[in-house]
2 protein chains.
Amino acid sequence: MPWPTEQKQRTRERIIESAVKLFSAQGFDNVAITDVMKDAQLTNGAFYAHFKSKQELYRKAITSAIKNSALAQDQEVDVSKLLADYLDINHVQQKTAPCPLAFLATDVATREKEVQIAYTDVYNNFINILNKQLSHSLSRKRQNYVLSALMIGGVAISRALSDEKIVLELLDACKEYGDELLVESNS
Amino acid sequence: MPWPTEQKQRTRERIIESAVKLFSAQGFDNVAITDVMKDAQLTNGAFYAHFKSKQELYRKAITSAIKNSALAQDQEVDVSKLLADYLDINHVQQKTAPCPLAFLATDVATREKEVQIAYTDVYNNFINILNKQLSHSLSRKRQNYVLSALMIGGVAISRALSDEKIVLELLDACKEYGDELLVESNS
DNA sequence: GTCTATAAATAGATAGAC
DNA sequence: GTCTATCTATTTATAGAC
């Protein structure tokens, strides 16, 4: 096939957008293709003109999700602000664009290798954004791993907890400690 | 119903054990009741003599998993050793008993409230174990939240990554930082 | 309590009209 | 390219024999 028309591209991206939203909120298996298509204002059958399987959509969704998440801006990122927005209750409750690293971590772990490769790409991108912003001391790399675990872990755990008081304490704790990590590393 | 026989109890626990193992490895939706029963050396139909639904099994599995995980010993826990065992590649690869907090975090987030309440109970238990071992300064509580996010997040992310080199770096980074947190808090 | 067989519902994927 | 209709497979849960 030669080139997809511009209209088809737009439809395709609408489907992916819906997929990111729904997969993040409910997990891969709890979302039917019909649900995604309905959200994109289409019906079941049209799906296969864009993707060859649900799995393929999952891969595209993870990869593209990063573009709409708080990590979007590749250029100048205020890491301290990123930290605050990421570990925010609004992110946990998906009132801002969900980061698939946090929302789909254990879900991805149960999928085939291709999906995990997509996740790993996104994760490396995340680490690179942190690296770009901060000094490159030897312990810097280590601190960025820690920062990523803190952020992703904090949000992932928060989503699974039923007690909002604990959620807020956890998020605050991670935020404060993350900030201390940043100060340390810039001195 | 009066009392379940001892034999029935044992069978029930075998089913739960299988469930913990399989749910952790593959996620709730990717494991059929038949799979669990087969692993427990039984067949499909016998399941409903023990549980009223798959959901109920999930709750029991999460709650009971903690007993077999690295967090088992309620009494004297060497937190530094716990940290090392938890953030170990063998735990990630499920060669030791999996901690449901790390293995099922985003999975639980997509289930109904009862499952999340079970998860929250286990999480509180985790935090309490940390609290019991360490001094009770004001910042102590904060540090335990951070420690939990580091451990659970580190393992959860590791499971989703396809690049083992990065996994080992991430685990090491979390381990080292976790240890520094412990030292800080005991001085 | 456990078995085999089956009911009932769901969902991924395909076929063919427009 | 999108629609409706359908095929097919899977899976939760139940029924009834042992």
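Every value quoted in this text rests on a predicted model; they were computed, and no experiment measured them. In what follows, chains are A, B, ... by sequence order, proteins preceding strands, each numbered from 1.
- Straight-line distance from the NZ atom of B:Lys38 to the C1' atom of D:dT12: 15 Å, rounded to whole Å.
- When the nucleotides D:dT4, D:dG1, C:dC3 are ranked by their closest atom to the side chain of B:Leu42, C:dC3 comes out on top.
- Rounded to an integer number of Å, the gap from A:Asn44 CG to D:dA5 C1' is 11 Å.
- Put simply, the side chain of B:His91 gets close to the backbone of B:Cys99: a donor and an acceptor are under 3.5 Å apart.
- Residue A:Ser53 is in sugar-phosphate contact alone, with no base atom involved, counting any heavy-atom pair closer than 4.0 Å across all strands shown.
- The CG-P distance, from A:Asp29 to D:dT11, rounds to 10 Å in whole Å.
- Comparing C:dT2, D:dT4, C:dG12 against the side chain of A:Ala32 picks out C:dG12 as the nearest.
- Rounded to whole Å, the distance from CZ on A:Phe51 to C1' on C:dG12 is 15 Å.
- The side chain of A:His50 lies closest to D:dT2 when the candidates are D:dT12, D:dT2, C:dA13.
- Comparing D:dG1, C:dG1, D:dA13 against the side chain of B:Tyr48 picks out D:dA13 as the nearest.
- The interatomic distance linking A:Ile15 (CD1) with D:dT2 (C1') rounds to 10 Å, in whole Å.
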Trace of the side chain to side chain donor-acceptor pair (under 3.5 Å) decision for A:Tyr177 with B:Gln143: CA-CA 8 Å; A:Tyr177 191 75; B:Gln143 282 173 314; over 6 Å; no

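- We find the OH-CD distance between A:Tyr58 and A:Glu114 to be 13.5 Å, quoted to the nearest 0.5 Å.
- Put simply, CG on A:Asn30 is 15 Å from C1' on C:dG12, counting in whole angstrom units.
- A donor-acceptor contact shorter than 3.5 Å links the side chain of A:Tyr119 to the backbone of A:Leu101.
- Backbone-only contact: A:Thr11 has heavy atoms under 4.0 Å from sugar-phosphate atoms and none from a base.
- Regarding contacts with the backbone of C:dC3, a side-chain N or O of B:Thr43 is found under 4.0 angstrom from either OP1 or OP2.
- To the nearest 0.5 Å, atom NZ of residue A:Lys175 and atom CG of residue A:Leu83 are 8.0 Å apart.
- Candidate nucleotides D:dT4, C:dG12, C:dT2 were compared by shortest atom distance to the side chain of B:Ala46, and C:dT2 ranks first.
- Atom pair B:Phe47:CZ and D:dA15:P shows a separation of 16 Å (rounding to whole Å applied).
- Between the CD1 atom of B:Ile33 and the C1' atom of D:dA13 there is a distance of 7 Å, given to the nearest Å.
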